[in-house]
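As structure tokens, the structure follows; a few thoughts come after it.
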Amino acid sequence: MNIKLVSIGFAYLLMFSFFQATAQKENIDTILQEAEALSHFKFLAADELMGRDPARPEIDIAALYIANQFEKYGARPMEGLNGYYQQVPFMYSSPPDIGEIHWNQDTLHHGNELLVLGGQDISGEFELVVAGYGLEEDYEDKDVAGKWVVVRVGAPDRLSPSELFAAGREKTALAQEKGALGLIEMYNVPTTPWSLLVNYLNKPQMGLDTNPDADKAFPYLWMKDLTGEIINAMNSGANTMKIQVAGKINKKITGKNVVAVIPGTDEDLKEEYIMLSAHYDHLGIGTANAAGDSIYNGARDNAVGTAALIQAAHYFGENPPKRSVLLCAWTAEEKGLLGSGYFADNPPLDLSNIIFNLNIDNAGYNDTSLVTVIGLGRTSADHHIQDAAEAFGLEAIADPAPEQGLYDRSDNVNFAKKGIPSPTFSLGFTAFDQDVAAHYHQVTDEVGNFDLDYALKYWKSFILSAENIANDPNQPLWNAGDKYEPVSKTLYGD
């Protein structure tokens, strides 16, 4: 072996990589002009959009704006969707004026021992059937047609709040399919206090409409049963219950995921997609603070991420990579990751064609020298993200607050569960501290107190990360031993 030739070849490779990286950075700097980039950010976080509540009409203005920018920059609508929109069926519901269950000489009241989460006005005495956790196997040899089904909340391996709500959606759909009149989940999870749930859920809610063709919402209740005493008694034969619900309001709403595609340039790799995503909704309007401000503008959470998608459309519209780029702005993340969850379960393309999801979501930042990547250290694409951050003077670090469970609290988890490597590219924070909490889900989360120079670096490093991954001939993978590796092998094949 000629060591000298090998050394020259290696040096040439390093030089080529350096010049290529420099050219990429210069392209991004040239295309992402400050005034235009910031205009998107400012529009999305403006007071006029009233906090982008997915239950308010202003959310449609935000969706239209995003779709128009995608089109302007050359991103195409995806075949099979309604233009740039994937329509998402929601059910909006308010708490009832009266919600009562009379059982075994006791009366349980909505807002105390009972939560009426779905359904319409009800009055009558009904037969009950206890069915385990309410999963398919729990219905074996059970006739629930014309009866109420009573089940345990969640499942043995699904007890986090988000998992409880997701399981509830699946159970209500299944109970309805079996001909049941309604579903009661008996709440006995010690890790999340019942009082906390009452405070959170005893207000207007929005969820996926599990049966959009039905005229009425399916009745769905939670009952406090921390010791399991009530469900055990029901299972032993106390199997009728009087239920009264009055004054409940239900309204069907059609939400929109905004979706666009930029085709890749490589004859083979263009059939693979890197998905860039962010949620564009926020909290809407709440109680006014001392200054009289009641609009939750959501600049950090997550107008800055939505603006990143628009910048990505601009850049990749002029510089398409080898793989195709899938741009997805999700609705109703703040209502329980609903828009992304709907897309994951109703994809307009085979999910195995999506080889990576680089998601954006944020609470805030406390260090403008960083980007914090929730999921860094879990996939083979880490070096692409780290190199991109470094190119713009930033450092990519891993999740500094794993106790917060952030990976499983954003839209990326809906795709990780399917097997797609899915980190979240967040603003730089070293701890979930007072600096972050000062703006997280507060009316003070506005563009006016955001470091705009940092926003530009953040957007540019996101785009370069995506470009590096999209051009790598090697498909990014979960690291060996990751909890999502097995399902990923099923999705993509071993």
Side-chain angles (χ1 to χ4, degrees), residues 24 28 31-32 37 40-41 44 63 66-67 69-78 81 84 86 257-265 269-270 272-280 302-331 333 337 339-340 343-344 347-349 351 353-362 371 373-376 379 381 384-385 388-389 396 410-416 418 420-427 455 458-472 475-476:
Q24 288 175 292
I28 293 172
I31 291 174
L32 265 67
H40 303 307
F41 187 25
L44 291 164
I66 298 164
Q69 299 310 309
F70 284 172
E71 183 176 27
K72 169 186 172 182
Y73 292 129
R76 305 175 184 176
M78 170 156 277
L81 298 183
Y84 288 92
Q86 181 188 41
N257 289 326
V258 190
V259 181
V261 175
I262 296 171
T265 59
L269 291 179
K270 70 180 181 181
E272 299 178 354
Y273 294 77
I274 176 171
M275 180 167 69
L276 307 181
S277 63
H279 74 89
Y280 70 97
N302 189 31
V304 70
T306 310
L309 295 185
I310 295 173
Q311 323 296 346
H314 188 179
Y315 178 74
F316 289 121
E318 296 188 26
N319 296 274
K322 293 179 180 179
R323 288 189 175 90
S324 297
V325 178
L326 181 61
L327 301 163
C328 297
W330 309 125
T331 187
E333 185 272 350
L337 317 181
S340 61
F343 185 97
L349 75 169
L351 290 180
N353 289 345
I354 303 174
I355 55 92
F356 200 81
N357 172 212
L358 191 59
N359 183 55
I360 289 184
D361 197 7
N362 290 291
V371 291
V373 182
I374 310 302
L376 194 72
T379 79
H384 289 314
I385 298 171
S410 189
D411 292 303
N412 61 293
V413 73
N414 283 324
F415 300 97
K418 302 291 187 180
I420 299 169
S422 305
T424 290
F425 191 93
S426 295
L427 298 166
Y458 175 73
W459 291 327
K460 291 175 180 180
S461 59
F462 172 76
I463 289 168
L464 184 53
S465 297
E467 186 172 38
N468 289 344
I469 296 166
N471 283 330
D472 188 340
Q475 179 176 334

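Looking only at side-chain heavy atoms (C-beta outward), Leu358 and Pro423 come within less than 4.5 Å of each other. With contacts defined as side-chain heavy-atom distances shorter than 4.5 Å, the pair Leu309/Phe70 qualifies. Counting only heavy atoms from C-beta outward, the side chains of Leu464 and Gln24 approach each other to under 4.5 Å. Ser465 has its side chain out of reach of His384: every pair of non-hydrogen atoms, C-beta onward, lies at least 4.5 Å apart. Side-chain contact between Lys460 and Tyr315 is absent, with no heavy-atom pair separated by less than 4.5 Å. Side-chain contact check for Met78 versus Leu326: some heavy-atom pair is nearer than 4.5 Å. Counting only heavy atoms from C-beta outward, the side chains of Ile31 and Glu318 approach each other to under 4.5 Å. Side-chain contact between Met275 and Phe415: present, with at least one pair of heavy atoms (C-beta onward) separated by less than 4.5 Å.
Contact record, Asn359 with Ser410: ND2-OG, 3.3 Å, taken as the closest heavy-atom pair. For the residue pair Ala313 and Ile262, the shortest heavy atom distance occurs at O-CD1, 3.9 Å.
Between Trp330 and Phe343, the distance separating the two ring centers is shorter than 6.0 angstrom.
Summarising the geometry, atom OH belonging to Tyr458 is positioned 4.5 Å from atom CG belonging to Leu427; distances are rounded to the nearest 0.5 Å. Atom-to-atom distance recorded for Ser426:OG and Asn302:CG is 8.5 Å, nearest 0.5 angstrom. Atom CD of residue Gln69 and atom CG of residue Leu44 lie 8.5 Å apart, to the nearest 0.5 angstrom. Between the OG atom of Ser422 and the CZ atom of Phe356 there is a distance of 7.5 Å, given to the nearest 0.5 Å. In this structure, CG on Leu327 lies 10.0 Å from CD1 on Ile310, to the nearest 0.5 angstrom. The line from CD1 of Ile463 to CG of Asn468 is 12.0 Å long, rounded to the nearest 0.5 Å.
In this structure a side-chain-to-backbone donor-acceptor pair under 3.5 Å is present from Arg323 to Ile469. Side-chain atoms of Ser277 never come within 3.5 Å of backbone atoms of Asp411 as a donor-acceptor pair (strictly under, hydrogens ignored). Within the 3.5 Å criterion, the main-chain N or O of Ala37 finds a donor-acceptor partner in the side chain of Gln311.
Side-chain contact, Tyr280 with Glu333: no donor N or O sits under 3.5 Å from an acceptor N or O. Between the side chains of Thr424 and Asn412, a donor-acceptor pair is found at a separation under 3.5 Å.
Ring geometry for Phe41 against Trp459 counts as perpendicular: the plane angle is over 60°, on a 0 to 90° scale with 30° as the lower cut.
Among Leu349, Ile420, Val325, the single residue meeting the side-chain contact (heavy atoms from CB on, under 4.5 Å) criterion with Tyr273 is Leu349.
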